[in-house]
Amino acid sequence: METWQLRRSYDSPSGTVRWDCLGPEDGEPVVLMHGTPFSSLVWREIARALAARHHRVFVWDMPGYGASEKFSGQDVSLAAQGEVFGGLLEHWGLSRPSVIAHDFGGCVSLRAHLLHGAEYRRLALVDPVALAPWGSPFFRLVGENAEVFEQLPLPLHRALVREYIASASHGGLRPGMADALLSPWSDESGRAAFYRQIAQADQRFTDEIQGLYPRITVPVTVCWGEQDTWIPVAKAYELAALVPGARLRLIPGAGHLVPLDAPALLLAELLGFLTTDG
């Protein structure tokens, strides 16, 4: 599979962040945000398609994920990621970009906006972690026993993570993509980082902002895979009802990993949203 590289870096309070941008310098800025246990790689096709349509596309791996720095004692909580994102926006010199956020990235974008004053032109939330309760039985089991799971031999750890990642897709991931998504978690440092980010996941970070959703005034679209088994589609309707004026778009044939399961359908919805007046 073609290599996905983030060529630039930013020193955040939670470690060095790897990032990159695509598209013309005078293009309308769009920031793409990944979730867990993924990286900016999930946005590869859509990032390039948006860049080809005259958008300036910013992609980044959250601290503790993908190509970004991973280390013992690292704060990779949703609270920390929201603060890091606010700093990144300042580093990039972006005052009101459009933001497209998947999974945990949804919470990160919402916290940055509602708690840290980050301003957006538009916000697209794709199967986001935003409403209680969240966390699968597996996710909770690992979070409660992270120190035990960290001791798994690497081959068993890799097999576990591969199956976990695969369960986010409805139609199944291409072998090359599955390998690439697994790669950051595959060595000893990645193994520790994988269980660290689950151990630090805490529903209170969405509880702190859930009551603020009715205050959102920027245009919002909620996109959701109809076959999402990680976060049920009922949450899509609940979230769209809480955000004033939010529009809801269900993506057929897609599981939780909508950017990989149905990139063309998702891209069509995002392009329509990004170019609509309002």
For the aromatic rings, using the six-membered ring if either is Trp, is the centroid distance between Y195 and H157 under 6.0 Å? yes

Rounded to the nearest 0.5 Å, what's the gap from CZ on R53 to CD on E28? Could you check? 16.0 Å

Derivation and outcome, salt bridge (charged side-chain N to carboxylate O under 4.0 Å, His left out), residues D61 and R18: CA-CA 6 Å; D61 288 350; R18 299 295 299 178; over 6 Å; no

Could you tell me whether a side-chain N or O of S186 sits under 3.5 Å from a main-chain N or O of L182, the two making a donor and an acceptor? yes

Option from I209, V220, L212 for which side chain to side chain contact (heavy atoms under 4.5 Å, CB included) with L110 holds: I209

Pairing residues for F85 by the ring-ring contact (aromatic ring centres under 6.0 Å, His included) criterion, not counting sequence neighbours: W60

Can you check whether G87's main-chain N or O pairs, donor with acceptor, with E90's side chain at less than 3.5 Å? no

Given 3.5 Å as the limit, does a donor-acceptor pair link the side chain of E208 with the main chain of F205, or not? no

Residues 246-263 side chain polar contacts: donor-acceptor under 3.5 Å, at least two apart:
residue : atom : partner : partner atom : Å
R247    : NE   : T221    : OG1          : 3.0
R247    : NH2  : E269    : O            : 3.0
R249    : NE   : E269    : OE1          : 3.4
H256    : ND1  : D228    : OD1          : 3.4
H256    : ND1  : D228    : OD2          : 2.8
H256    : NE2  : D103    : OD1          : 2.6
D261    : OD1  : S169    : OG           : 2.6
D261    : OD2  : H170    : N            : 2.7
D261    : OD2  : G255    : N            : 2.8

Could you measure the distance from the OG atom of S40 to the CG atom of D20? Nearest 0.5 Å is fine. 8.5 Å

Transitive ILVMFWY side-chain link L160 to L154, under 4.5 Å: no

List in chain and number order the residues that pass side chain to side chain contact (heavy atoms under 4.5 Å, CB included) with P24, two or more places apart in sequence or in another chain; answer none if no residue qualifies. D26, H54

To the nearest 0.5 Å, what is the distance between CE (M62) and CZ (F104)? 7.5 Å

Between D127 and K235, is the closest basic N to carboxylate O distance under 4.0 Å? no

Let me confirm one number: the CG-CD distance from L78 to Q203, rounded to the nearest 0.5 Å. 11.0 Å

Short question: side chain of R196, backbone of F71 - any donor-acceptor pair under 3.5 Å? yes

Could you tell me whether Y237 atom OH has more than 12 heavy atoms of other residues or ligands within 6.0 Å of it? no

